[in-house]
Protein chains: 2
Amino acid sequence: MSKQADLPVLGQDEACCAPMVREPLGEVDAAELSRMFKALSDPIRLRLLSLIASHEGGEACVCDLTGPFDVSQPTISHHLKVLREAGLVGSERRGTWVYYWVLPEALGRLSALLETPAVPAKASA
Amino acid sequence: MSKQADLPVLGQDEACCAPMVREPLGEVDAAELSRMFKALSDPIRLRLLSLIASHEGGEACVCDLTGPFDVSQPTISHHLKVLREAGLVGSERRGTWVYYWVLPEALGRLSALLETPAVPAKASA
DNA sequence: CGGCTGTATCGACATCCGTCGATACAGCAT
DNA sequence: ATGCTGTATCGACGGATGTCGATACAGCCG
């Protein structure tokens with residue numbers, strides 16, 4: 001087993017962050033990761049996340065996020081809470097407004113997990 | 001018989017597959033992507049997927065997949081169906097057994113979407 | 001101070017989802 | 001053919017989830 005000391009991207013711990021193509025996920029890791037994916041499993045939350053991530057300055061006020069959707073303000077607030085509790089975004093009140101930003105470490109962890117090393121059937125011995 | 005072209009990594013189209021950090025997701029893309037993430041939002045499905053992906057030969061028989069879990073065989077079959085209908089795995093009956101394999105293009109698409117271009121502005125001085 | 005705007009929480013409701021046992025279906029072996 | 005094993009489908013049930021309106025909380029401004 002090779003231990004990589006200084007991986008350039010998302011060096012978390014190797015327990016759960018190697019591409020799932022390499023080794024089966026343990027129960028504990030699967031539970032935690034599934035919670036994050038569940039937060040991404042709603043189209044509104046996905047759009048919220050992308051709105052936040054792509055917003056100028058890397059953060060967005062809730063007031064920027066309620067407009068584009070057809071659902072009520074409490075519903076948006078609920079979805080933002082889900083994203084926050086999944087560890088995908090951070091938030092902070094600044095005066096009247098509340099700002100949300102993406103936590104790139106979390107996204108990167110999921111991204112790395114889903115990475116496909118190469119085309120299949122081309123086994124590297 | 002792999003219908004896999006020689007596309008090495010997730011070249012898709014940039015409409016939905018650029019990192020979501022770059023531009024907000026459209027409603028249609030968000031709907032489709034959220035369906036895939038929903039398939040990943042269950043710990044058993046996540047473990048199933050990693051078992052399949054990491055299995056020797058890149059594919060696994062259902063008989064290899066029912067053992068590691070505490071749930072019934074119909075439940076496993078249901079989860080495999082969800083993964084298949086989300087476009088994350090393919091399957092084929094070969095005599096008595098049914099084999100499942102991962103569709104790397106789909107995983108790569110999700111991975112690319114979650115890619116974070118760099119560390120956040122605050123962290124690196 | 002009182003009122004106004006922005007955001008979160010609460011309680012209720014309909015729908016969706018994971019799970020099961022029972023059962024149907026597919027293919028091999030005898 | 002008959003039975004046996006592997007897998008999928010069905011119907012049901014309990015719990016989770018998305019949504020709303022009503023309301024509470026936080027901070028600005030007159």
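Predicted model, so just to flag it, every value in this text is computed and none were measured. We name chains A, B, ... by the order of the sequence lines, and we start the count at 1 in each one.
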- Task: Let me know, please, whether B:W97 or A:V71 comes out on the 5' side of the other along DNA chain D by nearest nucleotide.
- Result: B:W97
- Task: If a pair satisfies salt bridge (Lys or Arg N to Asp or Glu O under 4.0 Å) and one of its residues is in residues 63-83 of chain A, list it, with sequence neighbours excluded.
- Result: none
- Query: When you measure from every atom of DNA chain C, which of residues 36-64 of chain A have a heavy atom less than 4.0 Å away?
  - Reply: A:C61, A:V62, A:C63
- Task: Establish, with yes or no, whether the OP1 or OP2 oxygen of C:dT7 is under 4.0 angstrom from a side-chain nitrogen or oxygen of A:S77.
- Result: no
- Can a donor-acceptor pair be found between the side chains of B:S111 and A:S111 at a distance below 3.5 Å? yes
- Using a 4.0 Å heavy-atom cut-off across all strands, classify A:H79 as base, sugar-phosphate, or nothing. sugar-phosphate
- Can you check whether A:L103 reaches A:L107 side chain to side chain, under 4.5 Å on heavy atoms? no
- Separation of D:dT17 atom P from A:K81 atom NZ, nearest Å, is 12 Å
- Message: Under 4.0 Å from OP1 or OP2 of D:dA8: is there any side-chain N or O of B:Y100 that close?
- Response: yes
- Message: Across nucleotides 24-30 of chain C, 5' to 3', mark each nucleotide with B, S or - according to how protein heavy atoms within less than 4.0 Å reach it.
- Response: --SSS--
- Query: Do side-chain atoms of B:S77 reach the backbone of B:Q73 as a donor and acceptor pair under 3.5 angstrom?
  - Reply: no
- Message: Taking 4.0 Å as the cut-off, does a side-chain nitrogen or oxygen of B:S72 come that near to OP1 or OP2 on C:dC20?
- Response: yes
- Message: Contact between B:R45 and B:L40 at the side-chain level, heavy atoms closer than 4.5 Å - yes or no?
- Response: no
- Nearest-Å distance for atom pair CD/P, residues B:E92 and D:dT7: 14 Å
- Task: Could you tell me whether A:R22 and A:E115 have a side-chain N and a carboxylate O separated by less than 4.0 Å?
- Result: no
